[in-house]
S.K.: 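Structure below; questions to follow.
Treat the numbers as computed from the prediction; the structure is a model and nothing was measured. Lettering follows sequence order; numbering is per chain, from 1. Atom set for the values below is all heavy atoms of this structure, side chains included, hydrogens, waters and symmetry mates excluded.
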Protein chains: 2
Amino acid sequence: MKQEEIIKKMEEREVQASFHRIKILEYLMKHRTHPTVDDIYKGLSSEIPTLSKTTVYNTLKVLVDKNIISIVTTEEDEARYDYSEEMHLHFKCKQCGNLYDIFHKCEILKQKEIEGHLIEEHHIYFRGICKKCRKEIKK
Amino acid sequence: MKQEEIIKKMEEREVQASFHRIKILEYLMKHRTHPTVDDIYKGLSSEIPTLSKTTVYNTLKVLVDKNIISIVTTEEDEARYDYSEEMHLHFKCKQCGNLYDIFHKCEILKQKEIEGHLIEEHHIYFRGICKKCRKEIKK
DNA sequence: GTATCTGCAAAACATTTGCAATTCT
DNA sequence: AGAATTGCAAATGTTTTGCAGATAC
């Protein structure tokens, strides 16, 4: 995605597009690996040596608040962040620890309401044994 | 639930039923409010003055490992624990902060496999505005 | 020129660990 | 006696906060 588009996206959601913020959002767009704060910080610090972790925290908070990115809800204690335009769900393998994106059409993802409550965010997360590890076990 | 039944449940899952462990599991069975470690600790410390938080942590870890209880996956940084025999999902109100249990029949909760991955745990969590708060807003 | 953003250092928390004391079998 | 559980204190790791300096509108 071009920088212009990133800036446009931020303006749409009323986030001031500073240099650091653009770089952090760009990182999330390029790395669809559910990075932690530390991943983002380390990934950008060679390019932006003056970057501080506080700024990463601040920026992520703003982006989450403005619904540009979301927090991946897992049982881990370190937060992971996710940029995606498409609704999807997550699967984590108990064996290899891999966190997969699942772009699966589920009725529940389309649901806007449940028992009278208005749904604004869907967080669907499965844990188990992934395809790869199942094959390994069979061997 | 009677203490005997709690002990039976623990024996089934190969957890030694110590006094503290029974009390902690009992607390989780009685308080279906997704308590935090601190909630459990504070809730029991009047009854068990010698109880330490480390024991609460230890016990919860054992109970989760043996699939007697589960961790509620939210975006919060403090872990919440859940005892329930029935599969269900969670809804959190962005306004009042309430965390609701939703016992709703969803196809996805029955799914044992997705894209070749074996599902062992389903964590479904919605965020939005709850029924009550929606009514408040309309006023 | 005033708002906002940034970054350092310190503080605040939740959670884990090491180890000794206690308890259970 | 031997193994598992408990609990204190210290350590660890993540996230937040206060505040001063830099930057943007």
Side-chain angles (χ1 to χ4, degrees), chain A residues 3 6-8 10-11 13-28 34-66 68-82 97, chain B residues 3 6-7 10-11 13-27 34-66 68-82 97:
Chain A
Q3 279 225 348
I6 297 171
I7 294 168
K8 198 177 159 193
M10 292 177 91
E11 279 171 356
R13 307 285 176 99
E14 294 172 307
V15 175
Q16 276 195 35
S18 75
F19 173 71
H20 293 80
R21 285 178 177 177
I22 293 165
K23 284 292 172 189
I24 290 166
L25 182 52
E26 192 179 43
Y27 184 94
L28 280 158
H34 322 95
T36 63
V37 170
D38 208 57
D39 294 335
I40 299 166
Y41 174 70
K42 286 201 178 115
L44 288 174
S45 48
S46 58
E47 198 184 341
I48 318 166
T50 61
L51 182 68
S52 87
K53 242 182 197 178
T54 306
T55 299
V56 179
Y57 275 106
N58 286 340
T59 300
L60 291 171
K61 187 168 170 32
V62 171
L63 297 177
V64 169
D65 287 349
K66 299 292 183 177
I68 298 175
I69 61 171
S70 64
I71 298 176
V72 184
T73 56
T74 73
E75 76 297 335
E76 289 169 28
D77 51 358
E78 202 178 352
R80 296 186 168 277
Y81 294 84
D82 201 9
Chain B
Q3 279 225 348
I6 297 171
I7 294 167
M10 293 177 92
E11 280 171 354
R13 308 282 175 102
E14 295 172 307
V15 175
Q16 274 196 35
S18 74
F19 174 71
H20 292 81
R21 286 177 178 176
I22 293 165
K23 283 292 172 191
I24 290 165
L25 181 52
E26 192 179 44
Y27 184 93
H34 322 95
T36 63
V37 170
D38 207 58
D39 294 334
I40 299 166
Y41 173 70
K42 287 202 177 114
L44 288 174
S45 47
S46 58
E47 197 183 341
I48 318 167
T50 62
L51 183 68
S52 87
K53 242 182 196 176
T54 306
T55 299
V56 180
Y57 276 106
N58 286 340
T59 300
L60 292 172
K61 188 169 170 30
V62 171
L63 297 176
V64 169
D65 287 349
K66 300 291 183 176
I68 298 175
I69 62 170
S70 63
I71 298 176
V72 184
T73 56
T74 72
E75 75 298 335
E76 289 169 26
D77 51 0
E78 203 178 352
R80 296 186 169 277
Y81 294 84
D82 201 8

S.K.: Both B/S18 and B/E78 contact DNA chain C. Which one's nearest nucleotide lies toward the 5' end?
M.R.: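 Taking each residue's closest nucleotide, the earlier one in sequence belongs to B/E78.
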
S.K.: Check the distance between D/dT16's P and B/D77's CG and give it to me in whole angstrom.
M.R.: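 Result: 7 Å.
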
S.K.: Reading DNA chain D from 5' onward, which residue's closest nucleotide shows up sooner: A/Y81 or B/V15?
M.R.: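 Checking each residue's closest nucleotide, the 5'-ward one belongs to B/V15.
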
S.K.: Can you measure A/Y57 atom OH to C/dC5 atom C1' for me and round it to whole angstrom units?
M.R.: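 Whole-Å distance recorded here is 18 Å.
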
S.K.: Round to a whole Å and report the spacing from CZ of A/R80 to P of D/dT15.
M.R.: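 Interatomic distance, CZ of A/R80 to P of D/dT15: 11 Å.
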
S.K.: Give the nucleotide from the list D/dT15, D/dT6, C/dT6 with an atom nearest to the side chain of A/A79.
M.R.: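 Nucleotide nearest to A/A79's side chain: D/dT15.
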
S.K.: Roughly, in whole Å, what's the span from NZ in A/K42 to C1' in D/dG13?
M.R.: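 Those two atoms, NZ and C1', are 12 Å apart.
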
S.K.: Show the numbers, then the answer: is there a side chain to side chain donor-acceptor pair (under 3.5 Å) between A/T36 and A/D39?
M.R.: CA-CA 5 Å; A/T36 63; A/D39 294 335; 3.1 Å; yes

S.K.: Can you check whether A/V72's main-chain N or O pairs, donor with acceptor, with A/R80's side chain at less than 3.5 Å?
M.R.: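 Not confirmed, A/R80 side chain does not pair with A/V72 backbone.
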
S.K.: Rounded to whole angstrom units, what separation is found between the CG atom of B/L60 and the P atom of D/dG7?
M.R.: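 Distance check: B/L60 CG to D/dG7 P gives 14 Å.
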
S.K.: Taking CD1 from B/I40 and C1' from D/dT6, how many angstroms apart are they, rounded to a whole number?
M.R.: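 Going from B/I40 (CD1) to D/dT6 (C1'), I get 17 Å.
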
S.K.: In whole angstroms, how far is the P atom of D/dA22 from the CZ atom of A/F19?
M.R.: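 These atoms are roughly 18 Å apart.
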
S.K.: Which part of the nucleic acid, if any, lies within contact of A/T50, taking any heavy atom under 4.0 Å across all strands shown: a base, the sugar-phosphate backbone alone, or nothing?
M.R.: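 A/T50: backbone/sugar contact only, no base atoms under 4.0 Å.
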
S.K.: May I ask you to evaluate whether A/R21 reaches the phosphate of C/dT4, defined as a side-chain N or O under 4.0 Å from OP1 or OP2?
M.R.: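 It does not, given that no N or O in the side chain of A/R21 lies less than 4.0 Å from OP1 or OP2 of C/dT4.
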
S.K.: Quick one: which of C/dC8, D/dT6, D/dT15 gets closest to the side chain of A/T54?
M.R.: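 Of the candidates, C/dC8 comes closest.
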
S.K.: Quick check for you: to the nearest 0.5 Å, what is the distance between B/K42 atom NZ and B/L51 atom CG?
M.R.: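 Answer for the NZ-CG pair, B/K42 versus B/L51, is 13.0 Å.
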
S.K.: In terms of base orientation, is C/dA3 syn or anti, with the syn window spanning 90° either side of 0?
M.R.: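 C/dA3: syn glycosidic orientation.
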
S.K.: Taking the side chain from B/S45 and the backbone from B/Y41, do they hold a donor-acceptor pair closer than 3.5 Å?
M.R.: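 Between the backbone of B/Y41 and the side chain of B/S45 there is a qualifying donor-acceptor contact (under 3.5 Å).
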
S.K.: Looking at B/H20, does any N or O in its side chain come under 4.0 Å of the phosphate oxygens OP1/OP2 on C/dT23?
M.R.: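 For C/dT23, neither OP1 nor OP2 has a side-chain N or O of B/H20 closer than 4.0 Å.
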
S.K.: For A/L51 and C/dG7, give me the distance from atom CG to atom C1', rounded to whole Å.
M.R.: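 In whole Å, C/dG7 C1' and A/L51 CG are 9 Å from each other.
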
S.K.: How far apart are the C-alpha atoms of A/K8 and A/E11, what are their side-chain angles, what is the distance that settles it, and do they pass the salt bridge (charged side-chain N to carboxylate O under 4.0 Å, His left out) test?
M.R.: CA-CA 5 Å; A/K8 198 177 159 193; A/E11 279 171 356; over 6 Å; no

S.K.: Taking only the side-chain nitrogens and oxygens of B/S52, find out if one of them lies under 4.0 Å from OP1 or OP2 of D/dC8.
M.R.: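 It does not, given that no N or O in the side chain of B/S52 lies less than 4.0 Å from OP1 or OP2 of D/dC8.
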
S.K.: Taking the nucleotide of DNA chain C with the nearest heavy atom to each, does B/V37 or B/Q16 sit closer to the 5' end?
M.R.: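 Nearer the 5' end of the strand: B/V37.
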
S.K.: Does C/dA3 have a Watson-Crick or wobble partner in any strand here, with both distances under 3.5 angstrom, and which is it?
M.R.: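 Looking at the geometry, C/dA3 pairs with no nucleotide.
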
